[in-house]
Amino acid sequence: MTQIFETPLYPYERSPDQDATSTVNHPVVVVGAGPVGLATAIDLAMSDVPVVVLDENDKVSFGSRAICFSKRTLEIMDRLGCADAFAEKGVVWNVGKVFFGDRKVYDFNLLPEEGHKHPAFVNLQQYYCELYLVERVRQLQAEGKPIQIRGNNRLSALETSATGNRLTVETPEGAYDVTCDWLVACDGANSPTRGMMGLDFIGRVFEDNFLIADVTMKADFPVERWFWFDPPFNKGQSALLHKQPDGVWRIDLQLGWDIDKDEEKKPEKVIPRLKQMLGGDVEFKLEWVSIYTFQCRRMERFRHGRVLFAGDSAHQVSPFGARGANSGFQDAENLAWKLKLVLQGKASDALLDSYDVERVQAADENILNSSRSTDFITPKSDISKIFRNAVLDLAEEHAFARPLVNSGRLSLPSTYDGSPLNGEIIAQLPQRTRPGAPACDAPLGEGWLLNQLPGGFTLLGLGCEVPESTDHDGIILRGLSISDGNVGSDLRDRYLSDAKAAVYLLRPDQHVAARWLDYDAGAVAAAMNTVLANSVMQ
């Protein structure tokens, strides 16, 4: 297991930029080769947008870090060409259990509905996620796609302007300068890019600390998410247990606020805690230990001229709920198609303002849910604790109380209600696939609907015909017509309800832009102008 942390995946190589007689300009530079930076770069390169990724490291991140990858992330990975690797290695789960003290209060299924290609979640260590994304980069390079990763290339200085950015990059062989039209900062919670621009987070830091311990062991625990309130092995606190690949288990233990973090991370402190939880006869080995503090914060804006922030560099939430990496991937998919159209001259950069609008809204939604989880898990007063415990007691016998239990509401994709890119709402059609919502997967023949939406704009006709191809000012809309006889029950429930037919305009990130009860070329053209933010251009 240690080998994966020690093997350089993208070792330093001298780039032509370092020997150029004049400063080289790139359309897009991504800072940070973590999951979000790599996903953004892959998405751009697949559309033939040249992109350079700069990373001060040359290896995967140490430790498992993000491990719970949601159904929506798997759908994004499917489009980017990485989902098979995630599925083959990852631990699939849909069920969670909540305990209070030493008794089970209730369990829940995050995906009780049939007719989906992907499960609710796959558990996979972040280092595997990064490995598979780098392997996908290598595949794209072999295909001749314009993508580079430069390891041991650290951004050390940044000058921004209305027309582009100038970067100073440090390497083992000295510094060099490059310029870029657009810079995407995916350099983590302590983002050096954010610091260079004098920007900061707004939000809350919660007064509590949690121990993460990854252990290798042979255990008979089922593949489920187990969460304890006030367990006998961690009285007055909470605990979480998850299974990962390779016999690794993730354990989270609440420690409280006034602790010595360095002391608590020592094996002689961690191992007795784990023995209390697992029992003295269970053999285990520590693989990774960390301590984190709940933080629910974000930048005020994610777009600053020609610098765009995504992932942890733009927002932070507590780990309970698996909202960090999953929301970061949604940042990447939202940003990439918009940036592509701007670079191609098919949309004004006003379209990138919608990235800020939509993803700030999503961050606020995640922060709200994460803050509520944190307040429920770590009540800040005796009255709050009495209320929480009463809810847990009620939930054991009464279903109405279970939605009030908040052990970390798990990540769901954001619906961009109120987005300036949305078309009008058609009340006769299902709420779950309204404008702004991510398209919902469903069986389609021998395959799946979302696999028919690989990128670009799609016009989906259900129970009616739409043109096979439509040109809107140089942007091609691909038509997908499904006759009434081929509209299965899942597809009908998710997209038609009681309507006989419907037409959906789907964005390149698989979110619904607009929908109608029949095909109208003029309405489609108007919706395309809206989704491209052309009203701002005029």
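All values reported here derive from a predicted model rather than from experimental measurement.
Side-chain contact, N153 with Y10: no donor N or O sits under 3.5 Å from an acceptor N or O. With 3.5 Å as the limit, one finds a donor-acceptor pair spanning the side chains of R225 and S407. Remark: the D187 side chain and the T193 side chain contain an N/O donor-acceptor pair separated by less than 3.5 Å. When only modelled atom types and interatomic distance are considered, S64 and R250 share a side-chain donor-acceptor pair under 3.5 Å. A donor-acceptor contact closer than 3.5 angstrom is absent between the side chains of Y176 and D19. No side-chain donor from either of T7 and K59 sits under 3.5 Å from a side-chain acceptor of the other. For the residue pair H26/D17, the side-chain donor-acceptor check at 3.5 Å is satisfied. Judged by distance alone, the side chains of N326 and S70 do bring a donor and an acceptor atom under 3.5 Å apart. In this structure, a donor-acceptor pair under 3.5 Å is present between the side chains of D214 and Q244. Between the side chains of H242 and N123, at least one donor-acceptor pair of N or O atoms lies under 3.5 Å.
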Note to self: Could you go through Y128 and D246, starting from their C-alpha distance and side-chain angles, then the distance that decides it, and tell me whether this counts as side chain to side chain donor-acceptor pair (under 3.5 Å)?
What the structure shows: CA-CA 11 Å; Y128 282 126; D246 302 327; 2.5 Å; yes
Check: Is there a side-chain contact (heavy atoms from CB on, under 4.5 Å) between V53 and Q148 once you walk through the steps?
Finding: CA-CA 6 Å; V53 182; Q148 303 176 44; over 6 Å; no
Next item on the list: Verify side-chain contact (heavy atoms from CB on, under 4.5 Å) between L286 and I271, making sure each step is shown before the conclusion.
Entry: CA-CA 8 Å; L286 283 178; I271 289 172; 4.0 Å; yes
Next item on the list: Report the C-alpha separation of T171 and Q18 in whole Å, then their side-chain angles, then the decisive distance to 0.1 Å, and conclude whether the side-chain contact (heavy atoms from CB on, under 4.5 Å) test is met.
Entry: CA-CA 10 Å; T171 78; Q18 291 165 265; 3.5 Å; yes
Notebook entry, point to check: side chain to side chain donor-acceptor pair (under 3.5 Å) between E358 and N334: does it pass, once the steps are laid out?
Noted result: CA-CA 8 Å; E358 292 181 341; N334 187 293; 2.8 Å; yes
Item checked: Residues S61, E130; criterion side chain to side chain donor-acceptor pair (under 3.5 Å); working and verdict -> CA-CA 8 Å; S61 299; E130 293 178 9; 2.7 Å; yes
Margin query: Between E173 and R14, is the salt bridge (Lys or Arg N to Asp or Glu O under 4.0 Å) condition met? List the steps.
Written below: CA-CA 8 Å; E173 297 181 319; R14 190 172 182 84; 3.0 Å; yes
Checklist line | V122 vs L74, side-chain contact (heavy atoms from CB on, under 4.5 Å): CA-CA, chis, key distance, verdict | finding: CA-CA 8 Å; V122 163; L74 296 172; 3.7 Å; yes
Next item on the list: Please report the C-alpha distance between Q254 and S238 in whole Å, then the side-chain angles of each, then the deciding distance to 0.1 Å, and finally whether the side chain to side chain donor-acceptor pair (under 3.5 Å) criterion is met.
Entry: CA-CA 5 Å; Q254 184 181 357; S238 62; 2.9 Å; yes
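Taking a 6.0 Å sphere around CD of E13, one finds it holds 12 or fewer heavy atoms contributed by other residues, nucleotides or ligands. Atom CZ of R372 is surrounded by 12 or fewer heavy atoms from other residues, nucleotides or ligands within 6.0 Å. Within 6.0 Å of atom CD in E300, 12 or fewer heavy atoms from other residues, nucleotides or ligands are found, so the atom counts as exposed in its surroundings. More than 12 heavy atoms of other shown residues, nucleotides or ligands fall within 6.0 angstrom of atom NZ in K261.
Distance alone, capped at 3.5 Å, is enough to place a donor-acceptor pair between the Q141 side chain and the I147 backbone. When atom types are taken as modelled, the side chain of R297 and the backbone of V317 share no donor-acceptor pair closer than 3.5 angstrom. S313 places a side-chain N or O within donor-acceptor distance of the main-chain N or O of A310, the cut-off being under 3.5 Å. Not one N or O on the side chain of R65 forms a donor-acceptor pair closer than 3.5 Å with the backbone of Q125. In this structure, the side chain of N209 engages the main chain of W257 through a donor-acceptor pair within 3.5 Å. With hydrogens and angles disregarded, no donor-acceptor distance shorter than 3.5 Å links the side chain of R204 to the backbone of C296. At distances below 3.5 Å, at least one donor-acceptor pair connects side-chain atoms of D55 with backbone N or O atoms of A33.
Classification of the F86-Y132 ring pair by plane angle, with boundaries at 30° and 60°, yields tilted. Between Y355 and F302, the angle of the ring planes lies from 30° to 60°, which puts this pair in the tilted group.
Here the side chains of I475 and L532 are in contact, with some heavy-atom distance below 4.5 Å. With a 4.5 Å cut-off on side-chain heavy atoms, L140 and I42 count as touching. At least one side-chain heavy atom of M196 sits under 4.5 Å from a side-chain heavy atom of L155. Put simply, the side chain of L38 reaches to within 4.5 Å of the side chain of V134, judged on heavy atoms.
Counting all heavy atoms, side chain and backbone alike, P435 lies closest to D417 at O-OD1, 4.3 Å. Closest approach of H315 and F201 over heavy atoms only: N-CE2, 3.8 Å. Nearest heavy atom pair, residue R150 against residue S15, reads NH1-OG, 3.5 Å. Of all heavy-atom pairs between V289 and L211, the closest is CG1-CD1, 3.6 Å. The two residues A332 and T40 come nearest to each other via the heavy atoms CB-OG1, 3.2 Å.
Considering H118, Q330, Q510 in turn, Q510 is the only one that fulfils the side chain to side chain donor-acceptor pair (under 3.5 Å) rule with R72. R166 pairs with exactly one of T179, N25, L183, T160 by the side-chain contact (heavy atoms from CB on, under 4.5 Å) rule, that one being T179.
Distance check, rounded to the nearest 0.5 Å: CD of Q126 to SG of C68 gives 12.0 Å. From N366, atom CG reaches atom CD of Q316 across 13.0 Å, with rounding to the nearest 0.5 Å. Annotation: the span from M217 atom CE to K243 atom NZ amounts to 9.5 Å, rounded to 0.5 Å. We find the CD-CZ distance between E170 and R154 to be 5.5 Å, quoted to the nearest 0.5 Å.
In this structure, the ring of W337 has its center less than 6.0 angstrom from the ring center of F457. Taking the six-membered ring wherever Trp is involved, the centroid distance between the rings of F221 and W249 falls below 6.0 Å.
Under a 4.0 Å N-O distance rule, the pair R303/D349 qualifies as a salt bridge. Salt-bridge annotation for D43 and K340: absent, with no side-chain N of the basic residue lying under 4.0 Å from a carboxylate O of the acidic one. Taking 4.0 Å as the cut-off between side-chain N and carboxylate O, D364 and R298 count as a salt-bridged pair. For E75 and K117, the salt-bridge test fails: no basic side-chain N is under 4.0 Å from an acidic carboxylate O. Using a 4.0 Å cut-off between a side-chain N of Lys or Arg and a carboxylate O of Asp or Glu, R359 and D331 qualify as a salt bridge.
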